[in-house]
Amino acid sequence: MANEVCFRTLHKDRPWRLETYQSEGGYEALKRILADRTSQEEIIEAVKKSGLRGRGGAGFPTGLKWSFINRAAPGDKYVVVNSDEGEPGTFKDRDILRYNPHALIEGMIICGYAIGAKAGFNYIRGEFWEPYERFEGALAEAREAGLLGENILGSGFDFDIHTHLGAGAYICGEETALLESLEGKKGQPRFKPPFPAMFGLYGRPTVINNTETLASVPDIIRQGADWFRGIGVENSGGPKLFSVSGNVVRPGNYEVPMGMPFAELLELAGGMRDGRPCKAVIPGGSSAPVLPGDVMMDLTMDYDSIAKAGSMLGSGAVIVMDDTNCMVKVLDRISYFYYEESCGQCTPCREGTGWMHRVVHRIETGAGRTEDLDLLDDVAKKIMGRTICALGDAAAMPVAGFIKHFRDEFQYHVDHKKCMV
Amino acid sequence: MSMRSEPMVRVDRREDKDALFTPEVRREIDAWIAKYPDGWQQSACMAALRIVQDMNGGHLTRSLMDQVADYLDMPAIAVYEVASFYSMYEHKPVGRHKICLCTNVSCMINGSDGILEHLSNRLGIGFGQITADGKFSLKEVECLGACGGAPMMQIGRTYYENLTPELVDQILDGLE
Ligand SMILES: Cc1cc2nc3c(=O)[nH]c(=O)nc-3n(C[C@H](O)[C@H](O)[C@H](O)COP(=O)(O)O)c2cc1C
Ligand code: SF4
Ligand code: FES
């Protein structure tokens, strides 16, 4: 069971074309909704029942998020897609945009219908030029076929979609920073509450979802909430795209049922390169605490299993590292990333990410002191829970995780001024 | 962070907007403005900056930013803020081919250090520098969302994945 939802068209020639998508059941869900005049509640209930949780990292239940919109409120409402894909290790949304853009378009239209929105924006990171052009091509095809725009398929329902291009800033993946950016400003996160469901794009009620989340919606409607839920496991409905990278034979995106044993996913990716041992795995993008390879071998790829082991499934980015990798060097790079990308609004994040990076870097370069390990833990604790957005936590968690599981290696660096590996 | 639901206000609105840019550039920017609700042309600021940067050979200048502000009825400071916040805007000249090399974790694990060394040796420049003939510049970038093809780089609008020194040579040899 693979490639059943977002990658449904992948085995076909030119999988991104409208005709390809339609040959795989594409737009049937939308057509049925418009023909039957399915009620908004019914759609939201189906999405709730499917167990679909946000694929952008936080795993928030999608149906519940949609239900927060006050559909009776007068005026504009918006559907916004988060295609800013910037969490290191994550490269799945790029392939949805390139290979199955119509699934996202259909998902956006269904979401718009369900919440009473007439317009949607897809925020694509600025570097993704090829995916942007693919998505624009798909929009043109859908408009041409009467599936998008005014009076869709003669139903009287209007919905149009526009693309917005980012310009290089990881923080714009945070949903409220993304909204600020769409409004033509610096991408600095907003205080929450109010949440986007109340005060979103242009101050209007807004649903913001990840690319993969919305691209999963058409199949939930077409094949049923139970079908979708049945693919996954308890608390983790459906299949999920896992972006596997690092020291594996066949890195790439794998759409597999949630709850698949990690060992099996690793097997799909061809196993470890050169037969080396699996030393460590970051299971959900660089913000997720690292786990030792032997711990991972006993886990399944779903929200609860990874959380129980002290990490998170996040965006589904699985970075696999063999025994040639120095954990201090890896953390040095990760901490540099968060220091670079902090937007600077909150003191604990702005200053703390700088501190953490400087200290990890001095350990990496042989100038570390024994107290540094506790100092790092302390700085990490002082950031967590004290910032406007989750980037602060995202920066602190990997630091705490690496030191917890690989303290010996950090200590060795301090004592011997060089790597263990 | 701001909590307004109204566009920013510009008191001294520029009237003769046609004089600001060539008709092609105006057409391009206008196509972006049309996507956003009436009065929210500032949403097109990011696109406008990219368009004028491309037109100017890859970097922005103070007067280009001012023209964008005039064109979109935005305070100039708001445009400078956007232009300095996002990493794809350049404020000094870059090479005709801007090479952006990802050095984030997945690429690092797969040898981006070696690719950097090869690029630096071949071009005689490091990150943040430009070759004497102005043909190439080199920039370190964060994860570009293509880690399955690590190590990777972007030149212009194109991604090049699964890099080896030989492949890098082929790619650079093929650029005008
Ligand atoms: C620093 C930071 C970066 C984020 N980057 C992304 C991203 O690139 N893509 C994404 O979909 N969500 C990202 N998120 C999560 C979003 O804030 C938000 O939870 C998500 O878009 C909601 O959609 P979902 O419920 O469908 O996952 C990020 C969050 C934070 C704090
Ligand atoms: S936590 Fe960091 S990135 Fe988030 S708003 Fe505060 S300073 Fe900006
Ligand atoms: S780490 Fe290089 S593209 Fe993601």
Participant: Check whether any side-chain heavy atom of A/Phe91 sits under 4.5 Å from a side-chain heavy atom of B/Met152, and report yes or no.
Facilitator: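 The answer is no, as the side chains (C-beta and beyond) never meet within the 4.5 Å cut-off.
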Participant: Taking C-beta and beyond as the side chain, do A/Leu165 and B/Met88 meet within less than 4.5 Å on heavy atoms?
Facilitator: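 Contact flag for A/Leu165/B/Met88 side chains = no.
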Participant: Supply the atom-to-atom distance B/Arg157 CZ to A/Glu130 CD, rounded to the nearest 0.5 angstrom.
Facilitator: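 Between atom CZ of B/Arg157 and atom CD of A/Glu130 there are 13.0 Å.
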Participant: Looking at A/Arg204, A/His164, A/Arg250, A/Glu341, which has the largest count of heavy-atom pairs under 4.5 Å with chain B?
Facilitator: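 Of the candidates given, the most pairs with chain B belong to A/His164.
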Participant: Whether the side chain of B/Ser43 engages the backbone of A/Leu182 through a donor-acceptor N/O pair (distance < 3.5 Å, no angle test) should be reported.
Facilitator: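 Confirmed, B/Ser43 side chain pairs with A/Leu182 backbone.
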Participant: Below 4.5 Å, heavy-atom pairs only: which of A/Lys92, A/Met321, A/Glu340, A/Arg125 has the largest tally toward chain B?
Facilitator: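 Most heavy-atom pairs within the cutoff with chain B belong to A/Arg125.
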Participant: Below 4.5 Å from any heavy atom of chain B, which atoms of A/Asn247 appear? Answer side chain, backbone, both or neither.
Facilitator: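 Answer is both: backbone and side chain atoms of A/Asn247 are under 4.5 Å from chain B.
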Participant: Is it the side chain or the backbone of A/Thr324 that comes within 4.5 Å of chain B heavy atoms, both, or neither?
Facilitator: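 Neither part, no heavy atoms under 4.5 Å.
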Participant: Quick check, are the ring centers of A/Phe121 and B/Tyr36 under 6.0 angstrom apart?
Facilitator: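 Under 6.0 Å, so yes.
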Participant: At their closest point, which heavy atom of A/Ala169 faces which heavy atom of B/Phe85, and how far apart are they?
Facilitator: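 Smallest heavy-atom distance, with atoms named: CB-CE2, 4.0 Å.
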Participant: Taking the side chain as C-beta and beyond, is there a heavy-atom pair between B/Tyr159 and A/Trp129 under 4.5 Å?
Facilitator: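 Not in contact.
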Participant: Show the nearest heavy-atom pair for residues A/Lys185 and B/Tyr86, with the distance to one decimal.
Facilitator: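 Smallest heavy-atom distance, with atoms named: O-OH, 2.7 Å.
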Participant: For A/Glu136 and B/Lys35, work out which heavy atoms get closest and say how close.
Facilitator: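 So the minimum-distance heavy-atom pair works out to OE2-NZ, 4.1 Å.
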Participant: Using a 4.5 angstrom heavy-atom cutoff, name the option from A/Gly246, A/Gly166, A/Gly86, A/Gly187 with the most pairs to chain B.
Facilitator: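 Max contact count across the listed options: A/Gly187.
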Participant: Could you give the distance from OG (B/Ser112) to CZ (A/Arg333), rounded to the nearest 0.5 Å?
Facilitator: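 So the OG of B/Ser112 and the CZ of A/Arg333 are separated by 7.5 Å.
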Participant: Looking at B/Asn104, B/Val105, B/Val82, B/Thr158, which one has more heavy-atom pairs under 4.5 Å with chain A than the rest?
Facilitator: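 Counting heavy-atom pairs under 4.5 Å, the top option is B/Asn104.
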Participant: Are the side chain of B/Glu142 and the backbone of A/Tyr170 linked by a donor-acceptor contact shorter than 3.5 Å?
Facilitator: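 The answer is no, because no donor-acceptor pair under 3.5 Å joins these two groups.
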Participant: What is the distance from atom CD1 of A/Ile334 to atom CE of B/Met108, rounded to the nearest 0.5 Å?
Facilitator: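 Nearest 0.5 Å value for the CD1-CE distance: 7.5 Å.
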Participant: When rounded to the nearest 0.5 angstrom, what distance separates CZ in A/Arg273 from CD1 in B/Ile109?
Facilitator: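 That separation rounds to 9.5 Å.
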Participant: Please look at A/Thr163 and chain B and tell me whether the side chain, the backbone, both or neither of the residue comes under 4.5 angstrom of a heavy atom of that chain.
Facilitator: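 Looking at A/Thr163, backbone and side chain both touch chain B.
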Participant: Determine the minimum heavy-atom distance between A/Ser245 and B/Cys147, stating which atoms define it.
Facilitator: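 Of all heavy-atom pairs spanning A/Ser245 and B/Cys147, the closest is CB-O, 3.6 Å.
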Participant: Which label fits A/Tyr132 and B/Trp32: parallel for a plane angle under 30°, tilted from 30 to 60°, or perpendicular past 60°?
Facilitator: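 Correct class here is parallel.
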Participant: Look up atom OG in B/Ser87 and atom CD in A/Glu127, then write down how far apart they are to the nearest 0.5 Å.
Facilitator: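 The OG atom of B/Ser87 sits 6.0 Å away from the CD atom of A/Glu127.
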Participant: If every non-hydrogen atom of B/Cys143 is compared with every non-hydrogen atom of A/Gly89, which pair is closest and at what distance?
Facilitator: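 Closest approach of B/Cys143 to A/Gly89: SG-N, 3.8 Å.
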